[in-house]
Amino acid sequence: MAAAAASSSSSSSAAATPQGVTERRGIPAASFVEDVETYLRQAGLDVNSGLAFLQERLQQYKIVEMKLLAQQRDLQAKIPDIEKCLDIVATLQAKKALGEALTADFELSEGIYSRAKIEDTDSVCLWLGANVMLEYSCDEANALLKKNLENAKASLEVLVADLQFLRDQQTITQVTIARVFNWDVHQRRSKQAIKET
């Protein structure tokens, strides 16, 4: 895919990439084709192989988009969980400062809860993933959760930008496919008109 992309963007007169971006985090940029004939000649492709290459590139963009959307959904689910954990740690610290006990309902099993009082606690246990739980002081837990929240939000921003870039590349590729197809139809009609005269 990279070799074909390099050959297709070798001439600025045949293809122009917006703002000179060649890729974003491993996603190759699509080139807008100004002159279809020059593009095909420089790439060493006929119309059918050019269209096949562009269709394949479009499919690759769609596969990457599905992966990025799955990552985005995971992060969007993770951020509220982290915020909820931060609220719980803050509530525990506030109750401790007031010298009050925190009453909470714990889910023992699906639909079965037990009420408990949490008094004067200095630590909390956090799930880290992969069935690993560690005990932290409330201050350490607060710092860790804030750091995780910042990282998750930053990752989400990058993913949103990647998805926007990817959608732009899909649009450019679809326009290029239409231009190549229309150019081919025009060439065939011209040849047919010459034969008829």
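Computed from a prediction, not measured in an experiment: that's the story for all the values here.
- For the residue pair S114 and L108, the shortest heavy atom distance occurs at CB-CD1, 3.6 Å.
- Judged by distance alone, with hydrogens and angles left aside, the side-chain atoms of Y61 form a donor-acceptor pair with the main-chain N or O of P28 at under 3.5 Å.
- Note that the CD atom of E65 and the CZ atom of F165 stand 13.0 Å from one another [nearest 0.5 Å].
- Annotation: the span from S123 atom OG to L134 atom CG amounts to 11.5 Å, rounded to 0.5 Å.
- By the 4.0 Å N-to-carboxylate-O rule, D74 lies too far from K78 to be salt-bridged with it.
- You'll find the side chain of Y136 stays beyond 4.5 Å of the side chain of V89, heavy atoms only.
- Heavy-atom neighbours of R167 CZ from other residues, nucleotides or ligands within 6.0 Å: above the threshold of 12.
- With contacts defined as side-chain heavy-atom distances shorter than 4.5 Å, the pair Q71/L68 qualifies.
- Under the side chain to side chain contact (heavy atoms under 4.5 Å, CB included) criterion, D139 pairs with Q93, S137, sequence neighbours left out.
- For the side chain to side chain contact (heavy atoms under 4.5 Å, CB included) test, residues two or more places apart in sequence or in another chain that qualify with R189 are V185.
- Side-chain contact check for L102 versus K117: every heavy-atom pair is 4.5 Å or farther apart.
- Put simply, CG on L92 and CG on N142 are 10.5 Å apart, with the number rounded to the nearest 0.5 Å.
- Checking L69, I27, L163 one by one against V64, the side-chain contact (heavy atoms from CB on, under 4.5 Å) holds for a single residue, I27.
- At a threshold of 4.5 Å between non-hydrogen side-chain atoms, the residues L128 and M133 do not count as touching.
- Counting only heavy atoms from C-beta outward, the side chains of E107 and I112 never approach each other to under 4.5 Å.
- Taking every heavy atom of both residues into account, A161 and R24 meet most closely at CB-NH2, 3.0 Å.
- Looking at K153 and E83, a side-chain N of the basic residue comes within less than 4.0 Å of a carboxylate O on the acidic one, giving a salt bridge.
- In this structure, A29 and R57 approach most closely via the heavy-atom pair O-NH1, 4.0 Å.
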Would you sort out whether Q192 and E196 count as a side chain to side chain contact (heavy atoms under 4.5 Å, CB included), showing the intermediate values? CA-CA 6 Å; Q192 186 65 30; E196 290 175 357; 3.3 Å; yes
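- A donor atom on one side chain and an acceptor atom on the other are found under 3.5 Å apart for S49 and D46.
- Within the 4.5 Å cutoff, side-chain heavy atoms of I177 are placed close to those of L51.
- The line from CG of L126 to CD of E140 is 10.0 Å long, rounded to the nearest 0.5 Å.
- Across every non-hydrogen atom of D162 and R25, the tightest pair is OD2-NE, 2.6 Å.
- The two residues I82 and L145 make their nearest non-hydrogen contact at CG2-O, 3.4 Å.
- Under the 4.5 Å side-chain contact rule for hydrophobic residues, L58 and M66 do not share a cluster.
- Connection of F181 to L54 is established within a shared hydrophobic cluster, with ILVMFWY side chains joined at heavy-atom distances below 4.5 Å, either directly or through further cluster members.
- Listed for the N182 side chain is a donor-acceptor partner under 3.5 Å among the backbone atoms of A178.
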For a side chain to side chain contact (heavy atoms under 4.5 Å, CB included) check, start with the C-alpha distance between V180 and D184, then their side-chain angles and the critical distance, and finish with the verdict. CA-CA 6 Å; V180 170; D184 183 44; 5.6 Å; no
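- You'll find the side chain of V124 reaches within 4.5 Å of the side chain of C138, heavy atoms only.
- Between the NZ atom of K67 and the NZ atom of K62 there is a distance of 16.0 Å, given to the nearest 0.5 Å.
- Hydrophobic clustering (side-chain heavy atoms under 4.5 Å, transitive across Ile, Leu, Val, Met, Phe, Trp, Tyr) keeps L149 apart from W127.
- Scanning both residues, Q169 and A30, for their nearest heavy atoms gives OE1-N, 2.7 Å.
- A distance of 9.5 Å separates CD in E100 from OG1 in T103, rounded to the nearest 0.5 Å.
- In this structure, R179 contributes its side chain and V33 its backbone to a donor-acceptor pair below 3.5 Å.
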